[in-house]
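In listed order, ligands and their atoms are each counted from 1. Just so you know, residue 1 is the first one in the sequence shown, and it goes up from there.
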Amino acid sequence: MSTQPELRVPHDPGRLPMTLPLLAEKKRLGQAIVMVTAYDHPSACAAEAAGVDLVLVGDSAATTILGHSSTTPVTLEEMLVLTAAARRGLRTPLLIGDLPFGSYERSDEQAIDTAVRMVKEAGADAVKLEGGNEASARRARAIVQAGIPVMGHVGLTPQRSTALGGWKAQGRTAPAAARIGAEALALQESGCFAIVFEAIPAAVTEELMGHIEVPVIGIGAGPATDGQVLVFHDLLGIREGLGPRFVKRYANLFDEMIAGVSAYAEDVRARRYPGPEHSYKIAPEQLEELRRQLG
Ligand code: KIV
């Protein structure tokens with residue numbers, strides 16, 4: 001019996017792996033880019049089979065699977081394990097590893113070392129970092145110059161949510177919106193191949209889109225972006241609660257998980273499980289011999 005879960009055939013087996021030129025071409029052609037987070041092998045296999053373009057092993061893993069109340073506690077070591085697991089489930093989407101809080105802010109050298117580990121040890125194709133201030137743009141440039149593609153992230157950047165005044169939409173005044181635009185341009189100037197816009201009024205995104213040349217992937221940033229990203233656990237309803245207002249639920253797996261575990265518990269308590277079909281057999285003469293040995 002194989003212990004390796006099988007990788008399901010993608011819906012289009014002839015699908016080409018996503019590359020940076022292909023991504024830029026999608027923007028040029030106005031084809032919407034689909035990105036989703038994944039944190040392990042099964043979620044990556046689902047993203048592969050569904051034919052998404054980009055998979056992000058987000059530091060949202062801290063809240064979705066590690067049970068923290070914010071993204072800041074997740075460590076680089078944890079992110080490397082999760083990213084490597086996702087890598088093993090992917091063939092065609094571009095895999096982006098999120099750089100966790102504390103793993104790139106100190107210096108360009110620290111940022112490059114962290115990004116190199118994401119690529120060498122976890123198999124990421126690219127990395128993402130949060131923020132577009134001068135320091136973040138400098139880190140992005142250093143990593144790009146080291147040969148690793150970088151995705152930027154502006155608007156609500158959860159690693160700095162305390163400094164931003166909480167988990168709330170950003171860019172709701174003209175100066176704040178202009179600052180987001182300037183940060184996005186700085187990241188683009190640093191060589192980022194794409195930028196995430198998170199929790200920004202749709203009208204602000206629409207205004208900024210004409211100024212950005214690289215693909216913009218939105219999450220709570222309205223429909224004008226080149227693509228959308230959602231957190232795996234939010235879109236599939238794997239965790240309790242509705243999440244932020246921009247989340248659209250496409251399934252309710254948490255309820256199904258409870259129903260499944262409850263049914264199993266009932267079966268065990270009623271001694272309905274395991275049945276003969278779940279049990280291994282032994283040849284009658286071997287059983288006879290065992291009984292003799294046991295006296
Ligand atoms: O960590 C994450 O999941 C993210 C996405 C929400 C873009 O940064």
Tell me if a side-chain donor or acceptor on Glu105 pairs with a main-chain N or O of Gly102 at a distance below 3.5 Å.
yes
Side chain to side chain contact (heavy atoms under 4.5 Å, CB included) assessment of Tyr104 paired with Leu76
CA-CA 10 Å; Tyr104 61 94; Leu76 175 59; over 6 Å; no
Candidate pair Gln159 and Asp59, rule side chain to side chain donor-acceptor pair (under 3.5 Å), full reasoning
CA-CA 9 Å; Gln159 291 175 7; Asp59 65 352; 2.7 Å; yes
Taking Lys26 first and then Asp226, would you say they form a salt bridge - that is, a charged N and a carboxylate O separated by under 4.0 Å?
no
Inspect the surroundings of NZ in Lys281 and state if more than 12 heavy atoms from other residues, nucleotides or ligands are less than 6.0 Å away.
yes
Ring-plane angle category for His278 and Tyr273, please: parallel below 30°, perpendicular beyond 60°, tilted otherwise.
tilted
List, pair by pair, the atoms of ligand 1 and of the protein that are both N or O and lie under 3.5 Å apart, giving the separation rounded to 0.1 Å.
unit_1: ligand 1; atom_1: 1 (O); unit_2: Asp59; atom_2: N; d: 3.2
unit_1: ligand 1; atom_1: 1 (O); unit_2: Asp59; atom_2: OD1; d: 3.0
unit_1: ligand 1; atom_1: 1 (O); unit_2: Ser60; atom_2: N; d: 3.1
unit_1: ligand 1; atom_1: 1 (O); unit_2: Ser60; atom_2: OG; d: 3.3
unit_1: ligand 1; atom_1: 1 (O); unit_2: Asp98; atom_2: OD2; d: 3.2
unit_1: ligand 1; atom_1: 3 (O); unit_2: Ser60; atom_2: OG; d: 2.5
unit_1: ligand 1; atom_1: 8 (O); unit_2: Lys128; atom_2: NZ; d: 3.0

